Amino acid sequence: DVDTCNMYYRFNGDLTDACAATGGGTLSASGDASVSSAGKMGNGLTLDGSGDYVTGAFGSITMASDWSIEAWIKPATNGQGTIFSISNSDSGEDNHELSIQLANTDELQVCEGTGQCATTSGMNFDDDKWYHIAVTHKFISIFSDNVDIYVNNDRVVEDNSIPDFVGTPSGSIVIEI
């Protein structure tokens with residue numbers, strides 16, 4: 001719902017956040033990042049895996065809350081790296097940070113800044129194929145979270161208690177792969 005979301009990037013012709021609430025504004029492209037090519041539905045963000053990314057500010061995301069992130073991805077090769085990240089501007093690594101990535105082992109990982117990750121098991125991503133990925137986070141306490149990971153509407157990780165996210169990041173979002 002664009003009236004209550006925090007960030008919603010459609011990449012359908014531009015890099016503008018469609019949220020009417022506390023959105024992150026317009027992203028900036030680096031390298032050959034482009035929104036002019038064919039996506040899953042309409043246009044899409046194209047990143048060729050060679051230093052292309054988009055970055056920008058974000059709304060007030062509180063990691064110690066319930067949240068979800070979803071995206072359509074089409075990896076060109078396995079183990080490409082970070083898909084989405086929220087970082088702190090303090091140059092340290094902590095559990096205020098989030099990354100969603102394709103690991104070298106061809107697994108989807110959801111990690112916090114200290115390296116604790118929820119990881120899919122036995123999930124193989126084929127090259128040049130579209131996948132719908134989603135991550136849901138249920139905050140229970142500062143010592144207990146539940147992370148679910150979905151791939152193509154199948155829950156492949158359920159109620160994983162690692163990682164634990166707390167605080168509010170103060171850096172930027174990055175979308176790359």
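Bear in mind the structure is a predicted one, so any value in this text is a computation, not a measurement.
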*Asks:* How far does CG of Leu47 sit from CD of Glu176, to the nearest 0.5 angstrom?
*Replies:*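 Reported to 0.5 Å precision, the distance equals 8.0 Å.
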*Asks:* Please report the closest heavy-atom contact between Ala33 and Val54, naming both atoms and the distance.
*Replies:*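 Closest pair (atom of Ala33, atom of Val54, distance): CB-CG1, 4.1 Å.
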*Asks:* When rounded to the nearest 0.5 angstrom, what distance separates NZ in Lys74 from CH2 in Trp72?
*Replies:*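 It comes to 12.0 Å.
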*Asks:* Show, in sequence, the C-alpha distance, side-chain angles and deciding distance for His132 and Asn152, and conclude whether the side chain to side chain contact (heavy atoms under 4.5 Å, CB included) test is met.
*Replies:* CA-CA 5 Å; His132 180 256; Asn152 293 336; 4.0 Å; yes
*Asks:* Donor-acceptor pair, distance only, cut-off 3.5 Å: does the side chain of Asp52 make one with the backbone of Gly31?
*Replies:*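 No, the answer is negative, given that no donor and acceptor are paired below the 3.5 Å cut-off.
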*Asks:* Where do Leu15 and Ser28 come nearest, in terms of heavy atoms and distance?
*Replies:*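 Looks like CD1-C, 4.3 Å.
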*Asks:* Determine whether more than 12 heavy atoms belonging to other residues, nucleotides or ligands lie under 6.0 Å from atom OH of Tyr53.
*Replies:*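 Open: at most 12 neighbouring heavy atoms sit under 6.0 Å from OH of Tyr53.
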*Asks:* Which value, rounded to the nearest 0.5 Å, describes the distance between Ser99 atom OG and Gln109 atom CD?
*Replies:*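 The distance works out to 7.5 Å.
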*Asks:* To the nearest 0.5 Å, what is the distance between CG on Asn146 and CD1 on Ile140?
*Replies:*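 Output value for this atom pair is 4.0 Å.
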*Asks:* Quickly, which of Asp148, Leu98, Ile69 forms a side-chain contact (heavy atoms from CB on, under 4.5 Å) with Val110? Name it, please.
*Replies:*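 Exactly one option meets the side-chain contact (heavy atoms from CB on, under 4.5 Å) with Val110, and it is Leu98.
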*Asks:* Write down the atom of Val151, the atom of Leu108, and the distance for their closest heavy-atom approach.
*Replies:*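 Heavy atoms of Val151 and Leu108 come nearest at CG2-CD2, 4.1 Å.
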*Asks:* Let me check something: do Trp67 and Ile133 share a hydrophobic cluster, defined by ILVMFWY side-chain heavy atoms less than 4.5 Å apart, either directly or through other members?
*Replies:*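 Both belong to a single hydrophobic cluster.
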*Asks:* Check the hydrophobic clustering (I, L, V, M, F, W, Y; side-chain heavy atoms under 4.5 Å; chains of links allowed) and say if Phe84 and Phe11 are grouped together.
*Replies:*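 Yes.
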*Asks:* Can you tell me how far CD of Glu112 sits from CD1 of Ile86, rounded to the nearest 0.5 angstrom?
*Replies:*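 One gets 13.0 Å once the value is rounded to the nearest 0.5 Å.
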*Asks:* Using the rule that two of Ile, Leu, Val, Met, Phe, Trp, Tyr join whenever any of their side-chain heavy atoms come within less than 4.5 Å, decide whether Leu27 and Val174 are in one cluster.
*Replies:*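 No, because Leu27 and Val174 fall into different hydrophobic clusters, even though each may have its own neighbours under 4.5 Å.
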*Asks:* Test side chain to side chain contact (heavy atoms under 4.5 Å, CB included) on Thr119 and Ile149 and set out the steps.
*Replies:* CA-CA 8 Å; Thr119 304; Ile149 302 174; over 6 Å; no
*Asks:* I need the minimum non-hydrogen distance between Ala118 and Val147, along with the two atoms involved.
*Replies:*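 Result for this residue pair: CB-CG1, 4.3 Å.
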*Asks:* Among the clusters formed by ILVMFWY side chains lying less than 4.5 Å apart, do Tyr131 and Val135 turn up in the same one?
*Replies:*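 Yes.
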*Asks:* Mind checking whether Tyr150 and Ile73 sit in one hydrophobic cluster, side chains of I, L, V, M, F, W, Y counted as touching below 4.5 Å?
*Replies:*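 No, no single cluster joins them.
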*Asks:* Could you pull out the closest heavy-atom pair between Pro75 and Lys129, with the gap in Å?
*Replies:*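 Taking Pro75 first and Lys129 second, the nearest heavy atoms are CD-O, 3.7 Å.
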*Asks:* Could you tell me whether a side-chain N or O of Asn12 sits under 3.5 Å from a main-chain N or O of Asn43, the two making a donor and an acceptor?
*Replies:*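 Yes.
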*Asks:* Within the supplied structure, the quantity of interest is the number of heavy atoms (other residues, nucleotides, ligands) at a distance under 6.0 Å from Asp128 CG; does it exceed 12?
*Replies:*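 Count over threshold, so yes.
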*Asks:* Working to the nearest 0.5 angstrom, can you tell me the gap between Asp145 CG and Phe139 CZ?
*Replies:*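 These two atoms lie 6.5 Å from each other.
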